[in-house]
Amino acid sequence: MADVDLSFLMPNTVVPNACIFENTGVYSGEFVMVPVYEDTIYTCEQGYYLPMESEICARCPENAYCPGGEYTYSENGAVGLNVCPDGTFAPDGMWELAQCGRKLHVDDAIVYLRTTPGTSPALRFDVDADGVADYFANLATDDVPMNKNTERKLKIKSGDVVYFVCDDTIEISLDEQ
């Protein structure tokens, strides 16, 4: 196979009569070709990130949070994926640092606790006994399970209101709280 001269692809190369009328609107002359590289921007929703060497957003894995946003392709690492700090945990699909917390085991089910309240009111846990809440569980008046992987429910009553304890894997209507 003969060598092909691709020098015309170099930046600022003058290429006489190389462009046809249908593309340029002129019959003769010279064009200065200036190649422009533009990154493709990928938009990932909250709870998703752009994996290394991928063009498709993926769901955030356990023990990480993915705020979502606009990302460019990377050969060097995942974009938009943040690992939870040591000693904290999060279910898959989370999008904020506050969702990295502790696990509350209720029999064979787990409720992931947050580092800031996700609902008002919230169930508060003072782990280090200093009088200040360290972790929080969401409370819902909706009849919901503790998390997306169980049908188990944990109910508490405050005054005349019955609340269901749940984590951020459960969608609840906050306006009813």
Side-chain angles (χ1 to χ4, degrees), residues 36-158 161-177:
V36 176
Y37 172 78
E38 293 182 11
D39 285 325
T40 301
I41 304 297
Y42 302 94
T43 302
C44 296
E45 299 296 322
Q46 285 185 335
Y48 289 82
Y49 71 104
L50 191 62
M52 180 174 66
E53 297 183 344
S54 179
E55 297 173 0
I56 299 170
C57 298
R59 188 169 174 85
C60 200
E62 273 189 308
N63 305 324
Y65 64 98
C66 305
E70 294 183 345
Y71 306 119
T72 57
Y73 177 89
S74 174
E75 295 177 350
N76 301 320
V79 185
L81 174 65
N82 302 288
V83 177
C84 287
D86 285 345
T88 61
F89 310 91
D92 66 340
M94 296 300 102
W95 57 91
E96 63 181 359
L97 176 59
Q99 293 169 311
C100 295
R102 298 289 178 106
K103 293 179 182 180
L104 172 64
H105 295 267
V106 180
D107 199 19
D108 63 346
I110 294 173
V111 174
Y112 287 89
L113 305 177
R114 302 169 44 91
T115 55
T116 62
T119 60
S120 179
L123 187 59
R124 301 165 186 280
F125 295 86
D126 180 8
V127 176
D128 55 10
D130 65 355
V132 178
D134 303 298
Y135 297 98
F136 304 84
N138 296 335
L139 294 179
T141 53
D142 299 341
D143 185 359
V144 295
M146 293 184 289
N147 67 46
K148 68 178 181 177
N149 297 319
T150 186
E151 292 301 315
R152 288 185 176 271
K153 297 175 183 176
L154 176 59
K155 296 190 276 187
I156 62 170
K157 188 172 183 179
S158 177
V161 180
V162 174
Y163 293 101
F164 293 82
V165 178
C166 59
D167 62 29
D168 288 333
T169 63
I170 299 295
E171 288 188 34
I172 57 175
S173 28
L174 295 175
D175 57 325
E176 294 180 14
Q177 303 303 310

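Treat the numbers as computed from the prediction; the structure is a model and nothing was measured.
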Practice problem: State whether the side chain of D134 and the backbone N or O of V127 hold a donor-acceptor pair below 3.5 Å, judged by distance alone. | Solution: yes
Quiz prompt | side chain to side chain contact (heavy atoms under 4.5 Å, CB included) between F89 and E62, intermediate numbers included | solution = CA-CA 7 Å; F89 310 91; E62 273 189 308; over 6 Å; no
Practice problem: Rounded to the nearest 0.5 Å, what's the gap from OG1 on T88 to CG on L113? Could you check? | Solution: 11.5 Å
Quiz prompt | Gap between atom OH of Y42 and atom CD1 of I56 - 0.5 Å precision | solution = 9.5 Å
Quiz item: Which atom names give the shortest non-hydrogen contact between P85 and L97, and what distance separates them?
Solution: CD-CD1, 3.8 Å
Quiz prompt | Least distance between heavy atoms, K148 atom then R59 atom | solution = NZ-NH2, 3.6 Å
Exercise. Verify side chain to side chain contact (heavy atoms under 4.5 Å, CB included) between D128 and D126, making sure each step is shown before the conclusion.
Key: CA-CA 6 Å; D128 55 10; D126 180 8; 3.0 Å; yes
Quiz item: Out of curiosity, R152 CZ to D107 CG, how far, rounded to the nearest 0.5 Å?
Solution: 4.0 Å
Exercise. For a side-chain contact (heavy atoms from CB on, under 4.5 Å) with K153, tell me which candidate from V165, V144, D143 qualifies.
Key: D143
Quiz item: Rounded to the nearest 0.5 Å, how far does OH of Y71 lie from OG1 of T43?
Solution: 9.5 Å
Quiz item: Can you list every side chain to side chain donor-acceptor pair (under 3.5 Å) pair that touches residues 96-105, not counting sequence neighbours?
Solution: E96-R114, Q99-D168, R102-Y135
Self-check item: Audit row: I170, N138, side chain to side chain contact (heavy atoms under 4.5 Å, CB included) steps and yes/no
Solution: CA-CA 9 Å; I170 299 295; N138 296 335; over 6 Å; no
Quiz item: Could you state the interatomic distance from CG (D86) to SG (C100), rounded to the nearest 0.5 Å?
Solution: 11.0 Å
Quiz item: Is it true that the side chains of N76 and S74 contain a donor and an acceptor less than 3.5 Å apart?
Solution: no
Practice problem: Answer yes or no: are there more than 12 heavy-atom neighbours, outside E53 itself, under 6.0 Å from its atom CD? | Solution: yes
Quiz item: Can you name the closest pair of heavy atoms from I172 and L139 and give their distance?
Solution: CD1-O, 4.1 Å
Practice problem: May I ask you to test the Y163-S158 pair for a side-chain heavy-atom distance under 4.5 Å? | Solution: yes
Quiz prompt | pair C60-L81: side-chain heavy atoms closer than 4.5 Å | solution = yes
Practice problem: Check step by step if side chain to side chain contact (heavy atoms under 4.5 Å, CB included) holds for D142 and F164. | Solution: CA-CA 7 Å; D142 299 341; F164 293 82; over 6 Å; no
Exercise. Taking all non-hydrogen atoms of both residues into account, name the closest pair between P67 and N82 and its distance.
Key: CD-ND2, 3.3 Å
Quiz item: So, does N63 use its side chain to make a donor-acceptor pair with the main chain of C84 at under 3.5 Å?
Solution: no
Self-check item: Distance, nearest 0.5 Å, that separates CG of N149 from OG1 of T169
Solution: 6.5 Å
Exercise. May I ask you to decide if I110's main-chain N or O and N147's side chain share a donor-acceptor pair within less than 3.5 Å?
Key: yes
Quiz item: If you measure SG to SG, does C44 sit under 2.5 Å from C66?
Solution: no
Self-check item: W95 to G47 - nearest heavy-atom pair and separation
Solution: CB-N, 3.5 Å
Self-check item: Shortest non-hydrogen contact between A98 and T116, atoms and distance
Solution: CB-OG1, 3.2 Å
